[in-house]
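Read the numbers this way: they start at 1 and go in the same order the structure lists the ligands and their atoms. The residues of the chain are indexed from 1 along the displayed sequence. The structure displayed is predicted, hence computed values, not measured ones.
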Amino acid sequence: MSEPLPSPDEALTPGLYLVATPIGNLGDITMRAVDVLRRCDGVACEDTRVTGKLLKHLGISKPLWRYDDHSEHRDRSRLVESMRERAVALVSDAGTPMISDPGYRLVNDCRLEGIPVTSIPGACAAVVGLTLSGLPNDRFLFAGFLPAKDKARREVLEEFGSIDTTLVFYETGPRLLKSLAALREVMPEREIAVARELTKLHEECRRGLGDGLIAYYEANPPKGEIVLLVGPPEEQVASNTDAEAMLREAMETMKPSQAAGHVAKATGLDRKTLYARAMEFKAE
Ligand code: SAM
């Protein structure tokens with residue numbers, strides 16, 4: 001089941017190593033991540049200051065190279081070429097590389113050039129938020145950041161709103177209220193979770209409908225990093241007209257109380273209300 005870690009002095013096989021780093025709590029770095037960072041020849045990263053701090057905390061000193069997917073093609077080719085002889089780790093400022101972060105062009109180029117790629121898994125805010133929220137997670141759709149512009153944001157929500165699954169977005173404090181307002185408009189009945197500052201001191205996961213969450217965050221402006229989750233649509237509750245037809249049919253063979261119970265169970269509607277309606281039918 002488990003592979004022992006090789007000796008810290010042993011050189012890594014040349015190639016690209018995708019290394020997940022913590023999203024807040026430094027204790028979340030994995031032993032394998034530390035091992036690769038210790039034994040690699042250099043680290044490609046988003047921001048050399050952020051990664052420099054992490055390496056310093058780990059007592060590791062390595063050459064750092066700034067990388068993003070928009071870097072010149074020439075620079076990327078040079079980096080890929082160097083991986084024929086060097087082991088290069090790719091890290092993001094936080095979390096798993098490529099999850100709303102740079103890297104996929106690099107991985108794609110490595111694959112095309114036959115350079116070995118290894119992934120060292122670890123923290124990812126979307127997964128932490130999903131597990132903490134308690135929303136159904138048998139399937140989910142991760143959609144990165146919502147667009148900043150109102151019209152585009154609404155269009156994205158309308159597109160995803162028809163999909164029967166939990167939706168997971170990355171969000172920022174300053175934009176949260178706008179996104180909650182758009183959600184209230186586009187999918188007012190769906191449960192929302194705001195997972196904030198995950199793995200950090202002020203971690204919070206607040207669940208509710210759009211109205212309640214908007215009132216809360218208007219009074220308590222949200223700070224820090226946020227994962228916004230939207231539960232799947234509830235099963236369609238039968239319309240009142242459908243329920244009345246079912247009730248009439250049930251009353252052909254059942255007493256009003258039995259018929260109300262039967263229809264309440266089948267539709268999810270309130271039993272007492274159905275019983276009152278059944279008595280009205282009886283009196284007609
Ligand atoms: N690659 C990262 C990952 O694996 O989670 C995500 C990088 S993305 C540029 C940054 C966004 O991730 C933040 O704006 C926020 O939405 C989310 N995020 C990152 N860390 C978080 C945390 N500790 N708590 C809540 N959300 C976080």
Side-chain angles (χ1 to χ4, degrees), residues 16-30 32-33 36-37 43-51 53-54 57 66-71 89-108 117-135 137 140-149 152-153 156-157 160 166-180 182-183 192-208 213 216-217 220-230:
L16 174 63
Y17 292 79
L18 310 168
V19 180
T21 56
I23 56 167
N25 188 323
L26 290 174
D28 291 336
I29 188 117
T30 67
R32 199 168 158 225
V36 167
L37 291 172
V43 181
C45 56
E46 284 184 90
D47 183 330
T48 51
R49 281 164 309 174
V50 174
T51 301
K53 264 193 210 159
L54 174 70
H57 167 82
R66 217 188 77 74
Y67 173 80
D68 75 52
D69 279 334
H70 306 293
S71 302
L90 174 73
V91 302
S92 297
D93 285 353
T96 299
M98 276 167 288
I99 306 300
S100 292
D101 270 335
Y104 97 92
R105 286 182 200 276
L106 192 60
V107 173
N108 193 41
V117 182
T118 309
S119 185
I120 290 87
C124 173
V127 174
V128 179
L130 184 68
T131 50
L132 202 63
S133 72
L135 290 170
N137 52 25
F140 62 93
L141 190 154
F142 171 67
F145 286 96
L146 280 166
K149 298 226 164 86
R153 183 192 298 115
V156 167
L157 290 179
F160 291 142
T166 290
L167 305 173
V168 184
F169 301 102
Y170 281 161
E171 194 46 277
T172 62
R175 286 199 206 152
L176 177 68
L177 277 165
K178 279 197 166 186
S179 294
L180 289 175
L183 280 171
I192 299 170
V194 177
R196 214 173 52 80
E197 292 291 84
L198 297 168
T199 77
K200 303 183 196 174
L201 187 61
H202 298 293
E203 176 176 284
E204 161 185 85
C205 185
R206 193 165 284 273
R207 246 171 85 165
L213 290 171
Y216 177 81
Y217 286 112
N220 305 276
K223 292 197 191 108
E225 301 191 283
I226 294 168
V227 182
L228 177 63
L229 304 105
V230 185

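Close approach of ligand 1 to K200 (heavy-atom distance below 4.0 Å) involves ligand atoms 23 (N). The distance from ligand 1 to the heavy atoms of I99 drops below 4.0 Å at these ligand atoms: 1 (N), 2 (C), 4 (O), 6 (C), 7 (C). Of all atoms in ligand 1, listed by their number and element, those nearer than 4.0 Å to a heavy atom of G95 are 3 (C), 4 (O). Under a 4.0 Å criterion applied to the non-hydrogen atoms of T96, ligand 1 contributes the atoms 1 (N), 3 (C), 4 (O).
In terms of protein heavy-atom proximity, atom 7 (C) of ligand 1 is nearest to D101 OD2, 3.2 Å. Atom 13 (C) of ligand 1 has its closest protein heavy atom at E225 OE2, 3.6 Å. The nearest heavy-atom contact from the protein to atom 3 (C) of ligand 1 is Y170 OH, 3.4 Å. Counting protein heavy atoms only, atom 18 (N) of ligand 1 is closest to A125 CB, 3.4 Å. When only non-hydrogen protein atoms are considered, atom 11 (C) of ligand 1 lies nearest to F145 CZ, 3.6 Å. Atom 8 (S) of ligand 1 has S100 O, 3.8 Å as its closest protein atom, hydrogens excluded (heavy atom only).
In summary, E197 and K223 do not engage in a salt bridge, as defined by a charged side-chain N under 4.0 Å from a carboxylate O.
Side-chain contact between D47 and R66 is absent, with no heavy-atom pair separated by less than 4.5 Å. Within the 4.5 Å cutoff, no side-chain heavy atoms of E46 are placed close to those of D68. Using a 4.5 Å heavy-atom cutoff, the side chains of R32 and P121 are in contact.
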TODO: Show your working on side chain to side chain contact (heavy atoms under 4.5 Å, CB included) between F169 and V230 and close with a plain yes or no.
DONE: CA-CA 9 Å; F169 301 102; V230 185; 4.2 Å; yes
Open item on the list: Checking L130 against V227 for the side chain to side chain contact (heavy atoms under 4.5 Å, CB included) test, could you report, in this order, the C-alpha distance in whole Å, the side-chain angles of both residues, the deciding distance, and whether it holds?
Closed with: CA-CA 8 Å; L130 184 68; V227 182; over 6 Å; no
Open item on the list: As a quick check of understanding, evaluate side chain to side chain contact (heavy atoms under 4.5 Å, CB included) for S100 and F145, giving each step before the final call.
Closed with: CA-CA 8 Å; S100 292; F145 286 96; 4.1 Å; yes
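Paired with E204 under the rule salt bridge (charged side-chain N to carboxylate O under 4.0 Å, His left out), one option of R207, K200, R206 passes, and it is R206.
Residue contacts with ligand 1 leave out F169, since none of its heavy atoms falls under 4.0 Å from the ligand. Residue contact check for ligand 1: I226 places a non-hydrogen atom closer than 4.0 Å to it. In this structure, S92 does not count as a contact residue of ligand 1, since none of its heavy atoms falls inside 4.0 Å of the ligand.
Side-chain N/O atoms of T199 and N25 include no donor and acceptor closer than 3.5 Å.
Contacts of A94 with ligand 1, taken as heavy-atom pairs under 4.0 Å, involve the backbone alone. Contacts of C124 with ligand 1, taken as heavy-atom pairs under 4.0 Å, involve both backbone and side chain. Residue-level proximity to ligand 1 for M98 is absent, since no heavy atom of it falls below 4.0 angstrom.
The shortest heavy-atom contact between V19 and A89 is CG2-CB, 4.0 Å. Taking every heavy atom of both residues into account, L228 and S179 meet most closely at CD2-CB, 3.9 Å.
An N or O contact shorter than 3.5 Å links I23 to ligand 1 by distance.
For atom 23 (N) of ligand 1, the nearest non-hydrogen atom from the set L198, V91, V227 comes from L198.
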